[in-house]
Amino acid sequence: MNDEQWNQDKRRARAETLLGEMERDVAQYPQAAAEIMLDTADRLKDDGLSEACLDLCARMISEFKGGQDAGYAYSQRIDVLFGLGRDDEAGAEMAALWELDTEARTAAHLISELLAERGDDRAALRWSDRGLADRLRPGTEAESTDTLAGVMEAQWRAGLRKKLGFAPDALDRFTERHDPFRELRSELGIHDPEDEGFAALGLAESVAAVGPADNGSGMPVLSHIVRDDVVAAHTEGLLVGFGDDDINGDDRDAGSVTPETYFREVELDRRKMRSETEFSKGRDVPISLAEIRAFAAEEGIDALTPDVRLGAATAKYDRGGDFPVWPPDRNASCWCASGRKYKKCCGRP
């Protein structure tokens, strides 16, 4: 057997291993099938198993036809094809995607960013317009752009238009003169971030303040369970608001929470907090089950509770460290430790 054949066999075996793990996880957590498959597609791509990634994305496009997950699969296929230098095939995929509805609107911003990275700003703007088509129809008020994702996409589009020398249109001017989140806070009567931010949300997952402002910067602190310990932490009752309605009961179903569902919900909770309070970014302290247990032992505490978890995160923060900031830059590694870029993981719309 020559080296080339050996390497091919090794790649094939790796792909079979990843796909086998995926099938087992999908069977165990069917409610998270799309998240698991997207995660596997990213792992295949990162391992250089491009053909297996393309095949999996094609399967997702078929199985989730008409839905957002098919849109994410399209964007992944197009990214991989461009990476392989198969530009004509990528172009054909984009042409097919353009004719769809939900899939195209879901993938449009990701495709726009991909094209901008390749230096094709005009095509990037075309796709940005495709994603914002509902807001660009004649007679549509720009003020209808009132969600975090919508504002981010509108701001991206405004930047492309400015770079290309276009005069600002109504949507561009809206992004310049409006802060919809500040207006929303005013409507809700939220004035004091200390009273209405972390404290108002109490121990809701991901948003409890676990320490003082970061070195006088005014930056609050967040915390999350590390990826490998999510299921075990749920079983221990350390995740607030996940799984069974009675989270303090003894019948928690470990299968009701996966790392994918946990990090997605944490991300959405943080975005909600960001839109409803003065919070904009914060230090993010990852905490493991072992660290929580060690803290409990040091404090002479027998039972693990969300309050103990909070204390462990506070203690870890107080010891110091170079904790990352949430939200990370779009092209930075995702805070959930999936190995993917933020924009293709928790940072997707």
Side-chain angles (χ1 to χ4, degrees), residues 22 32-134 147-150 152-157 160 260 263-264 267 327-334 336 338-349:
M22 179 194 78
E35 294 280 350
I36 293 168
M37 293 170 76
L38 285 169
D39 182 68
T40 302
D42 277 329
R43 294 172 69 187
L44 290 166
K45 179 191 174 208
D46 292 343
D47 285 0
L49 303 169
S50 300
E51 293 302 326
C53 178
L54 291 171
D55 290 343
L56 177 55
C57 289
R59 172 183 164 185
M60 290 192 65
I61 290 169
S62 175
E63 291 187 7
F64 301 102
K65 183 177 180 180
Q68 292 183 338
D69 295 310
Y72 295 129
Y74 262 112
S75 67
Q76 181 71 289
R77 268 185 67 86
I78 292 165
D79 190 8
V80 171
L81 288 169
F82 272 134
L84 293 172
R86 292 155 60 175
D87 292 9
D88 289 344
E89 292 179 63
E93 291 282 339
M94 287 191 292
L97 176 61
W98 186 272
E99 300 302 320
L100 302 178
D101 182 22
T102 301
E103 295 97 322
R105 287 187 285 109
T106 300
H109 186 69
L110 296 172
I111 300 297
S112 178
E113 288 188 336
L114 177 62
L115 291 168
E117 288 176 1
R118 294 173 58 81
D120 194 346
D121 291 331
R122 288 191 177 274
L125 177 58
R126 181 168 175 261
W127 272 97
S128 183
D129 285 347
R130 180 68 175 87
L132 293 166
D134 289 345
T147 66
L148 177 59
M152 289 173 62
E153 291 169 12
Q155 289 174 338
W156 168 261
R157 175 181 178 273
L160 288 172
E260 288 74 22
F263 287 113
R264 183 60 176 167
E267 173 75 23
D329 293 335
R330 296 278 290 162
N331 285 310
S333 297
C334 190
C336 75
S338 65
R340 304 196 299 268
K341 289 184 179 180
Y342 178 61
K343 70 181 182 182
K344 293 186 176 180
C345 191
C346 293
R348 69 181 187 276

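This chain uses plain numbering: 1 for the first residue, then up along the sequence.
Judged by distance alone, with hydrogens and angles left aside, the side-chain atoms of R130 form no donor-acceptor pair with the main-chain N or O of A104 at under 3.5 Å. When atom types are taken as modelled, the side chain of S62 and the backbone of R59 share no donor-acceptor pair closer than 3.5 angstrom.
Pairing each heavy atom of G347 with each of E267, the nearest pair is CA-OE2, 4.4 Å. Considering every non-hydrogen atom in both K65 and E103, the closest pair reads C-OE2, 3.8 Å. Of all non-hydrogen atoms in L110 and Y72, the two that sit nearest each other are CD1-CD2, 3.9 Å. Nearest heavy-atom pair across L97 and A107 is CD2-CB, 3.8 Å. Of all heavy-atom pairs spanning A108 and W127, the tightest one is CB-O, 3.4 Å. For S50 against V80, the heavy-atom pair with the smallest separation is CB-CG1, 3.9 Å.
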Show, in sequence, the C-alpha distance, side-chain angles and deciding distance for T102 and R105, and conclude whether the side chain to side chain contact (heavy atoms under 4.5 Å, CB included) test is met. CA-CA 5 Å; T102 301; R105 287 187 285 109; 3.5 Å; yes
Could you please spell out the steps behind the side chain to side chain contact (heavy atoms under 4.5 Å, CB included) verdict for M37 and L56? CA-CA 8 Å; M37 293 170 76; L56 177 55; 3.9 Å; yes
Decide yes or no on side chain to side chain contact (heavy atoms under 4.5 Å, CB included) for R126 and L115, but give the supporting numbers first. CA-CA 10 Å; R126 181 168 175 261; L115 291 168; over 6 Å; no
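Note that OG of S128 is 12.5 Å distant from CD1 of I111, once rounded to the nearest 0.5 Å.
Side-chain contact between E93 and F82: absent, with no pair of heavy atoms (C-beta onward) separated by less than 4.5 Å. When side chains are defined from C-beta on, L44 counts as touching T40, because their heavy atoms get closer than 4.5 Å.
With sequence neighbours left out, the side chain to side chain donor-acceptor pair (under 3.5 Å) criterion links R86 to E51, E89. In this structure, the salt bridge (charged side-chain N to carboxylate O under 4.0 Å, His left out) partners of D129, at least two apart in sequence or on a different chain, are R157. With sequence neighbours excluded, the residues that form a side chain to side chain donor-acceptor pair (under 3.5 Å) with S112 are W156.
The pair E117-K343 counts as a salt bridge, with a side-chain nitrogen and a carboxylate oxygen less than 4.0 angstrom apart.
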